[in-house]
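Scroll down for the structure; my scribbles are underneath it.
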Amino acid sequence: MSLSGSPAVVTVSISSSLNSFRALKRYSRGLTLAEFKCKLELVVGSPASCMDLELYTPDDKFVMKLDSDEALLGSYPVDDGCRIHVIDQSGARLGEYEDVSQVEKFQIPDSDYEKRTDTARSFLKRNKLGQYNQEEMSKKAAEQEQRLAEEKALAEAISVGARCEVRSAGQPSKRGTVMYVGLADFKPGYWIGIKYDEPLGKHDGSVGGKRYFECQAKYGAFVKPQHVTVGDFPEEDFGLEDEM
């Protein structure tokens with residue numbers, strides 16, 4: 001506690017004529033305004049010598065100017081929740097310290113970057129990782145090609161209009177009619193479009209703005225061929241007609 005009985009530190013909101021944001025900070029009441037302004041340089045970006053300070057209440061009502069650099073922060077009626085507004089007199093414009101497009105960026109030609117030995121690229125190359133592991137990349141490409149060929153063979157055995165049952169791990173089986181067979185834009189590989197007998201789907205046959213088939217909302221779904229069994233699967237009778 002200070003000699004006046006007030007807490008030794010105060011929590012205030014800092015705003016600036018140069019920035020659109022506010023920062024919540026804690027400061028010692030024992031700082032002189034000159035010392036306080038030096039700390040504010042790190043918050044608002046203005047030089048301490050170019051700052052005018054204004055004090056506002058927690059509900060944003062103007063109280064007074066803080067205009068004596070030798071005075072202590074605690075000598076002013078600064079309480080928790082108050083706002084101290086920094087007016088920049090350096091001639092800088094609003095948002096100048098927030099516009100990162102004006103910051104000069106370090107760039108290096110790709111040919112020079114390629115020669116360096118302390119980069120992420122050189123590390124990946126030395127250790128044959130990621131795209132620089134030709135054997136691994138070739139293996140993955142072959143596996144993907146094999147999976148696609150297997151999916152294609154399964155899809156070609158399924159005909160549009162056929163009755164089917166969809167069986168996925170952890171889910172009850174669902175019956176419906178095949179409405180689409182082939183590649184799709186939303187994900188790689190072959191897909192089977194199903195119109196379920198019950199509203200157990202996710203859409204109406206349209207995905208990502210592209211229509212693949214027609215059905216009622218929540219009756220349509222796309223599944224991988226390996227989850228689809230084609231056969232004599234009549235619509236299931238849940239005995240609803242026997243109930244009153």
Side-chain angles (χ1 to χ4, degrees), residues 1-133 136-137 185-187 208-209:
M1 300 291 286
S2 66
L3 294 177
S4 63
S6 300
V9 295
V10 62
T11 301
V12 293
S13 174
I14 306 298
S15 61
S16 167
S17 61
L18 291 184
N19 305 312
S20 59
F21 62 85
R22 294 185 182 185
L24 194 63
K25 297 290 184 179
R26 300 181 69 207
Y27 294 102
S28 169
R29 294 178 187 270
L31 292 172
T32 65
L33 282 195
E35 294 170 329
F36 179 53
K37 287 180 179 180
C38 290
K39 291 183 177 294
L40 289 178
E41 285 185 341
L42 301 175
V43 180
V44 300
S46 302
S49 59
C50 298
M51 292 182 188
D52 288 339
L53 304 182
E54 293 179 343
L55 176 64
Y56 290 80
T57 63
D59 56 356
D60 262 354
K61 293 180 181 178
F62 176 75
V63 178
M64 62 189 303
K65 290 182 178 293
L66 309 183
D67 52 10
S68 177
D69 284 350
E70 294 77 21
L72 298 179
L73 181 62
S75 66
Y76 291 96
V78 181
D79 295 315
D80 287 343
C82 286
R83 176 168 68 92
I84 296 178
H85 184 62
V86 180
I87 300 174
D88 181 89
Q89 302 292 359
S90 68
R93 59 181 178 80
L94 176 65
E96 182 171 338
Y97 299 140
E98 298 177 86
D99 187 2
V100 296
S101 67
Q102 302 300 317
V103 179
E104 184 177 355
K105 299 173 179 62
F106 175 75
Q107 295 180 321
I108 181 172
D110 189 69
S111 57
D112 292 342
Y113 185 77
E114 182 70 25
K115 297 174 184 177
R116 296 184 60 165
T117 60
D118 58 348
T119 63
R121 182 187 296 177
S122 64
F123 175 81
L124 293 173
K125 282 186 173 182
R126 283 196 307 271
N127 294 278
K128 296 184 178 180
L129 299 174
Q131 61 180 311
Y132 301 105
N133 187 336
E136 183 66 21
M137 294 298 289
D185 292 342
F186 52 83
K187 278 187 179 179

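In this text the structure is predicted, and so the values were computed from the model without any measurement. What's counted below: heavy atoms across the whole structure, side chains too, no hydrogens, waters or symmetry copies.
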Exercise for review: Using the test side chain to side chain donor-acceptor pair (under 3.5 Å), find all partners of Arg116 that sit at least two apart in sequence or belong to another chain.
Suggested key: Asp118
Check your understanding: Taking side chain as C-beta onward, heavy atoms only, is Val43 less than 4.5 Å from Val86?
Key -> no
Exercise for review: Start with the C-alpha gap between Tyr132 and Arg121, add the side-chain angles, then the distance that decides, and say whether side-chain contact (heavy atoms from CB on, under 4.5 Å) holds.
Suggested key: CA-CA 9 Å; Tyr132 301 105; Arg121 182 187 296 177; 3.3 Å; yes
Point to revise | Any donor-acceptor N/O pair, Ser17 side chain to Ile87 backbone, under 3.5 Å | key: no
Practice item. State, to 0.1 Å, how close Ser28 and Val9 come at their nearest heavy-atom pair, and which atoms those are. Key: CA-CG1, 4.1 Å
**Study point:** Under 3.5 Å: donor-acceptor pair, side chain of Asn19, backbone of Phe21
**Key:** no
Exercise for review: To the nearest 0.5 Å, tell me how far Lys125 NZ sits from Thr117 OG1.
Suggested key: 12.5 Å
**Study point:** Minimum heavy-atom distance between Met64 and Pro77, given as atom pair plus value
**Key:** SD-CD, 3.7 Å
Practice item. Using the side-chain hydrogen bond (donor to acceptor under 3.5 Å, both in side chains) rule, take Arg83 and Ser15 through it: C-alpha gap first, then chi angles, then the decisive distance, then the call. Key: CA-CA 7 Å; Arg83 176 168 68 92; Ser15 61; 2.7 Å; yes
Practice item. Calculate, to the nearest 0.5 Å, the distance between atoms CG and OG belonging to Asn127 and Ser122 respectively. Key: 9.5 Å
Practice item. Kindly check if the number of other-residue, nucleotide or ligand heavy atoms within 6.0 Å of CZ (Arg26) is above 12? Key: no
Review point. Rounded to the nearest 0.5 Å, how far does CZ of Phe36 lie from CD1 of Ile84?
Key: 3.5 Å
Review point. Of all heavy-atom pairs between Val10 and Asp79, which one has the smallest distance, and what is that distance?
Key: CG2-C, 3.4 Å
Review point. So, for Arg29 and Val78, which heavy atoms are closest and what is the spacing to 0.1 Å?
Key: NH1-O, 2.7 Å
Point to revise | Lys25, NZ: over 12 other non-hydrogen atoms inside 6.0 angstrom | key: no
Practice item. Mark yes when over 12 heavy atoms from residues, nucleotides or ligands other than Phe123 sit less than 6.0 Å from its CZ; otherwise mark no. Key: no
Check your understanding: So, Glu41 side chain and Ala48 main chain: donor-acceptor pair closer than 3.5 Å or not?
Key -> yes
Review point. How would you list, by chain and number, every residue that makes a side-chain contact (heavy atoms from CB on, under 4.5 Å) with Lys61, sequence neighbours excluded?
Key: Thr57, Asp59
Revision key, fill the gap. So NZ of Lys65 and CG of Asp52: to nearest 0.5 Å the spacing works out to 6.0 Å
Practice item. Please round to the nearest 0.5 Å and tell me the distance separating atom OH of Tyr27 and atom CD of Glu35. Key: 13.0 Å
**Study point:** Side-chain touch Cys82/Ser13, heavy atoms, less than 4.5 angstrom
**Key:** no
Practice item. Locate the shortest heavy-atom distance separating Tyr56 from Glu54; write the atom from each residue and the value. Key: OH-OE1, 2.8 Å
Taking distance alone, no hydrogens or angles, what donor-acceptor pairs closer than 3.5 Å link side-chain atoms of residues 67-76 to residues at least two apart or in another chain?
from: Asp69; atom 1: OD1; to: Lys37; atom 2: NZ; distance (Å): 3.0
from: Ser75; atom 1: OG; to: Leu72; atom 2: O; distance (Å): 2.5
from: Tyr76; atom 1: OH; to: Ser68; atom 2: N; distance (Å): 3.4

Review point. To the nearest 0.5 Å, what is the distance between CG (Leu33) and CG (Leu40)?
Key: 9.5 Å
Exercise for review: Report the C-alpha distance between Val12 and Ile14 in whole Å, list the side-chain angles of each, state the deciding distance to 0.1 Å, and finish with yes or no for side-chain contact (heavy atoms from CB on, under 4.5 Å).
Suggested key: CA-CA 6 Å; Val12 293; Ile14 306 298; 3.8 Å; yes
